[in-house]
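What follows is a single structure, written as structure tokens, with notes after it.
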Amino acid sequence: MNDAKKWFRRRLGLGEERNLAASEAVQGIELEGERSVADRDLSSSFTEHHLDRHELTELFLLSNINASQPTASQGLSAEEAQRCLERDGRNALTPPVEISNWQLLLRQFLNMFWLLLIAAGILSLITYFLDTTVPLNLYVAIILFVMVIVMCLISFYEEKKAREVVHGFQSLMPTSCSVIRDGRKRVISAEELVVGDLVFIRNGCRVAADVRLLHCSGVKLETSSITGEAEPIEFTSDPAAEEVSVFESHNVAFNGSFCVDGEGLGVVIRVADKTIIGQIASLTTSQEEKPSSLEQQVAKFVRFITILALVMATIVFFIGAAVSNFRNLLSTFINGFLVVIVANVPQGLPATLTSQLTIIARRMAKKNVFLKKLDVIEAFGAATVIASDKTGTLTKNIMTVTDLWYNKQYMTGRPDIKQRTIMAKQHVTNVLELYESPLPEMLAVMTVCNKAQIDMTVTRVPMRQSVRGNMAQILWSPSAKDQDPERGAIRRQSTRKSGRYFQAQMSQETAKRKNISGNPSEVALLRYASQMTDVHDMRRCFDVVFEIPFNSVRKWHLLIARRTDKFAKDGMATFTLMMKGAPEKLIDLCTTIASESGEVELTEDEKMDFQDAYLHFGNEGRRVIGFASKTFVAAEDTNFSQDAGNYPQGKYSFLGMAAIMDPPRDDTAKAIQECKLAGIKVFMVTGDHPTTAAAIARQIGLIGQSETVERQGREKIQMSVVEQHDSDYAI
């Protein structure tokens, strides 16, 4: 490792000159080998994601980073930042070479069709000047020139309008950012950022440069401008392993990323064109512009017409000259050569083609599709394959918990409270105690092992139950005026009457959806749990001491929490391990399954019941999330670590599953049917279980043949499909 550090410093140009600015060092990074290969390996120049805080502190000496407490760092001095800015330039992407309006207008006349018409017009003028007694040739020339000018002006106007719209989209760079300089927080222009600056990343802000995170507090970034992934990704400040690329390290916030949650502090490691998005822009703008398929077809057609016209004109000229015994060759040349060439030019075809492209471009603009060149419309029409993401594209991305599975039974919606349970538990202090096990444990995992946030002051649980006896209990979660400060528990009121049945009623006031933020699946789980318990109280009951976030490789989210209402005995404390994630992953880590009577051994029969329920939800097109937990005793001051593995690695208890529905968009089935009728094959890209993906595909008509029905004069797509005997799909 020490050898690697020395090599890294040599590569950065630090060597013996420890006072060299880190920004100058990073600017000096160059890769050896083939430039064509290095240019396309965008992550090859990044090594900072492998370094820990102390190594970053040594690398960026002038940034005055406090490795133990990054938020207390001093940052660059104003003088050093100004020197770096003057040396390296402003933090702005180099704009692509833009052509002027005059160049754009002149480029319209270079279309092969227009060149053909211009040549025909020139020949008509030559014919007129050679024989002024026939004014028709002059009229033809004028008409051709006017047609070319009008059509070129129309195409120029459409392309100019599309370019103006595209320029309005160039807002990836934020206008300002918050940094630490001279030990103080300052707000500066994003273009004034330099390598080595300590910059804050907060919720609602766009990252202004490539930043190596030093401190994180629940930072989630939306990186679709870099990776194309629409789902926010949770970032960390921990160093990545040697084999992990910068894109998978999740400790470098890329320029153009948007922070949707949390806050953090990091050091700028790349600015301007050296950022990832700058390299991508350089790759795209440095490529030579290739002619579109329509331009290639037009060029072939023009060549064919030109050769055909010249051959026919030559043949007609020699035949005419031979018939007239080579007398009056000027008249023969005009009528037998020039006129034949002009006659072979399809004067109406270019105007028709341009008009059609213009009409299509305007129709697509109404659908928010803007084309910088009219010629690329043909490429859209020539598409034969469409690969589409499922979540948020084919579906509404509105997650809702529809079903639960626990105790070997299915539960749709919110579970009911049994009458005998109410009679047996009249003196409960928590609503969850009215539900049969393991539902309370599942709700605890849904709430605590969940990164979604809810802004809710009161959550009342709706319940209408008949209670026999002398007591009707009204239970609700605490609000500001109803909460008992000494107990911090759910308040209970009693109404004593005799010889009657009472209807226990609870007013319902659920949290507004706009107040819940986070991952859509976690938002759905938290919203479901909030209907039956106060999520704030639930979370206050647990003190999270260790957490492993979800990722696409592990497919599970784990945390260890300690009950705040239980005290340690003899230095030993009781901890609860909670997990949620892909059920097929969790079930392999479990040895027992929770039931109403307690934990039972996870036998093959139990696994078969689990598999049946899992496939049932998948066949219904549901996204399924499993829950597991384990209670264990450990030293009160234990510092849990994934590397040390000093926590239970298995033998968990499987609690149950939640089925989440993400309904298809209303117009998805119709769009897919139109694509099929047009000969376009549609592929759905998703990470869901194959049965879930197949169920969604059937609902939207991707698998089988969707049927149309006429309802109230409007055509709608029926969600059911008819399976084909000869399958043309694969999962």
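Closest approach of Ala452 to Glu522, counting heavy atoms only: N-OE1, 3.7 Å. Nearest heavy atoms, Lys274 versus Phe46: O-CZ, 4.5 Å. Scanning all heavy atoms of the two residues, the minimum distance from Ala209 to Leu193 falls at CB-CD1, 4.3 Å. When all heavy atoms of Arg206 and Phe258 are compared, the pair lying nearest together is NH2-CD1, 4.0 Å. Scanning both residues, Val194 and Ala81, for their nearest heavy atoms gives CG1-O, 3.7 Å.
Between Met538 and Val448, the closest side-chain pair of non-hydrogen atoms falls below 4.5 Å. Contact of the Arg270 side chain with the Asn255 side chain is not registered, since no non-hydrogen atoms from C-beta on lie closer than 4.5 Å. For the pair Asn251/Arg212, a side-chain contact is recorded, criterion being any heavy-atom separation below 4.5 Å from C-beta on. With contacts defined as side-chain heavy-atom distances shorter than 4.5 Å, the pair Val179/Lys185 does not qualify. Taking the side chain as every heavy atom from C-beta outward, Val685 and Lys390 never approach each other to under 4.5 Å. No side-chain heavy atom of Ile269 sits under 4.5 Å from any side-chain heavy atom of His49. In this structure, the side chains of Phe546 and Leu559 stay at 4.5 Å or more apart for every pair of heavy atoms.
By the 6.0 Å contact criterion, CG on Asp570 is open, its count of non-hydrogen atoms from other residues, nucleotides or ligands being 12 or less.
Aromatic ring orientation, Phe640 versus Phe632: perpendicular (interplanar angle above 60°, classes split at 30° and 60°).
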Subject >> Criterion salt bridge (charged side-chain N to carboxylate O under 4.0 Å, His left out) on Arg83 and Glu80, from CA distance to verdict >> reply: CA-CA 5 Å; Arg83 283 196 295 268; Glu80 180 62 28; 2.5 Å; yes

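When each of Val199, Val211, Ile180, Leu213 is paired with Leu265, the side-chain contact (heavy atoms from CB on, under 4.5 Å) condition holds for Ile180 and for no other.
One finds the CG atom of Asp210 at 9.0 Å from the CD1 atom of Ile277 (value rounded to the nearest 0.5 Å).
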